[in-house]
Amino acid sequence: MPATDDLQKAQRFREAALPYLDDVYTLARYLLRDASDAEDAVQECYLRALKHFDSYRGPAMKPWLFAILRNVCNAEYARRAHRPSAIEDTPGAAEQTPIWQETGASPETEVLRSRDAGAIRKLIDALAEPFKETFVLRPVGRSKSPGYGHLKLPHLMIAVSAAEQQ
């Protein structure tokens with residue numbers, strides 16, 4: 001029965017992929033820098049993953065989803081490059097939320113953190129695109145989000161590269 005097979009496939013996909021929805025959205029939000037574009041990219045990522053779920057082989061679902069998301073984001077970058085857009089100066093760039101959030105103890109601490117966050121953001125923006133993702137996957141500083149430890153991160157990046165080559 002095809003309907004039963006589709007339901008079983010959908011259930012297996014939900015169990016395997018939905019636990020990583022927040023992580024995929026976080027990466028999309030960082031790569032696209034826009035919440036609505038990130039939501040669209042995540043939706044497209046999960047649609048593509050569901051469509052090709054039968055060909056998925058391996059225990060590492062998260063790197064596979066990240067590879068699909070990166071392809072979706074690259075397609076979005078290419079689409080944006082071909083459409084005319086107004087160049088905007090971003091006066092609010094200094095007011096952007098830092099990559100990580102910590103509770104401040106004093107106004108002096110907040111000023112120092114703000115200055116450091118701006119410096120780190122400028123340094124990260126100067127990096128080539130594949131290297132920027134490392135900072136999304138491994139939060140800088142003491143973050144409430146666990147991210148990936150320094151021991152797991154290289155293995156994840158290798159797994160993402162391997163998934164992209166397939």
Side-chain angles (χ1 to χ4, degrees), residues 1-86 88 90 92 96-102 120-121 124-125 127-166:
M1 290 188 279
T4 305
D5 291 341
D6 288 343
L7 289 174
Q8 289 174 348
K9 176 184 171 183
Q11 180 62 31
R12 286 183 297 129
F13 180 76
R14 273 192 295 265
E15 291 171 359
L18 283 184
Y20 304 111
L21 183 63
D22 289 339
D23 296 329
V24 172
Y25 176 76
T26 300
L27 182 59
R29 179 78 169 91
Y30 179 77
L31 292 175
L32 296 174
R33 305 227 185 249
D34 182 71
S36 66
D37 287 345
E39 289 170 1
D40 292 343
V42 170
Q43 183 177 12
E44 179 66 24
C45 171
Y46 272 76
L47 284 172
R48 289 183 187 184
L50 178 61
K51 179 179 177 183
H52 299 287
F53 189 60
D54 292 332
S55 66
Y56 167 72
R57 303 286 181 255
M61 174 62 72
K62 193 172 190 176
W64 187 60
L65 290 170
F66 282 173
I68 294 170
L69 178 69
R70 288 173 63 203
N71 289 337
V72 169
C73 290
N74 287 338
E76 176 63 18
Y77 290 140
R79 186 183 67 79
R80 287 180 184 177
H82 293 305
R83 80 174 169 183
S85 62
E88 300 174 5
T90 53
Q96 286 181 344
T97 307
I99 296 173
W100 69 94
Q101 292 288 329
E102 295 179 0
I120 290 172
R121 184 170 296 282
I124 290 172
D125 287 342
L127 292 173
E129 197 56 45
F131 302 110
K132 288 181 184 182
E133 291 179 25
T134 304
F135 291 96
V136 175
L137 299 174
R138 172 80 169 114
V140 180
R142 290 174 293 202
S143 173
K144 293 180 181 177
S145 170
Y148 288 97
H150 66 284
L151 298 176
K152 291 182 182 178
L153 188 58
H155 299 293
L156 176 67
M157 296 306 287
I158 290 168
V160 168
S161 295
E164 285 179 339
Q165 291 175 1
Q166 292 180 353

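Taking Arg48 as the reference, Glu44 meet the salt bridge (charged side-chain N to carboxylate O under 4.0 Å, His left out) condition, with sequence neighbours excluded. When the side chain to side chain contact (heavy atoms under 4.5 Å, CB included) test is applied to Asp34, the partners found at least two apart in sequence or on another chain are Ser36, Asp37. For the side chain to side chain contact (heavy atoms under 4.5 Å, CB included) test, residues two or more places apart in sequence or in another chain that qualify with Glu15 are Gln11. With sequence neighbours left out, the side chain to side chain contact (heavy atoms under 4.5 Å, CB included) criterion links Glu39 to Tyr25. Taking the side chain to side chain contact (heavy atoms under 4.5 Å, CB included) definition, one finds that Ala49 meets it with Phe13, Trp64, Leu65, Ile68, sequence neighbours left out.
One distance of note links CG of Leu47 with NE2 of His52; it measures 10.5 Å at 0.5 Å rounding. Rounded to the nearest 0.5 Å, atoms CG (Asp40) and CD (Glu76) are 8.0 Å apart. Atom OG1 of residue Thr26 and atom CG of residue Leu21 lie 9.0 Å apart, to the nearest 0.5 angstrom.
Closest approach of Leu31 and Cys73 over heavy atoms only: CD1-SG, 4.0 Å. Minimum heavy-atom separation, Val24 to Cys45: CG1-SG, 4.3 Å. The minimum heavy-atom distance linking Ala17 with Tyr46 is given by the pair O-OH, 2.8 Å.
With hydrogens and angles disregarded, no donor-acceptor distance shorter than 3.5 Å links the side chain of Tyr20 to the backbone of Phe66. In this structure, Lys62 contributes its side chain and Pro19 its backbone to no donor-acceptor pair below 3.5 Å.
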Full working for side chain to side chain contact (heavy atoms under 4.5 Å, CB included) between Leu50 and Lys9 = CA-CA 8 Å; Leu50 178 61; Lys9 176 184 171 183; 4.2 Å; yes

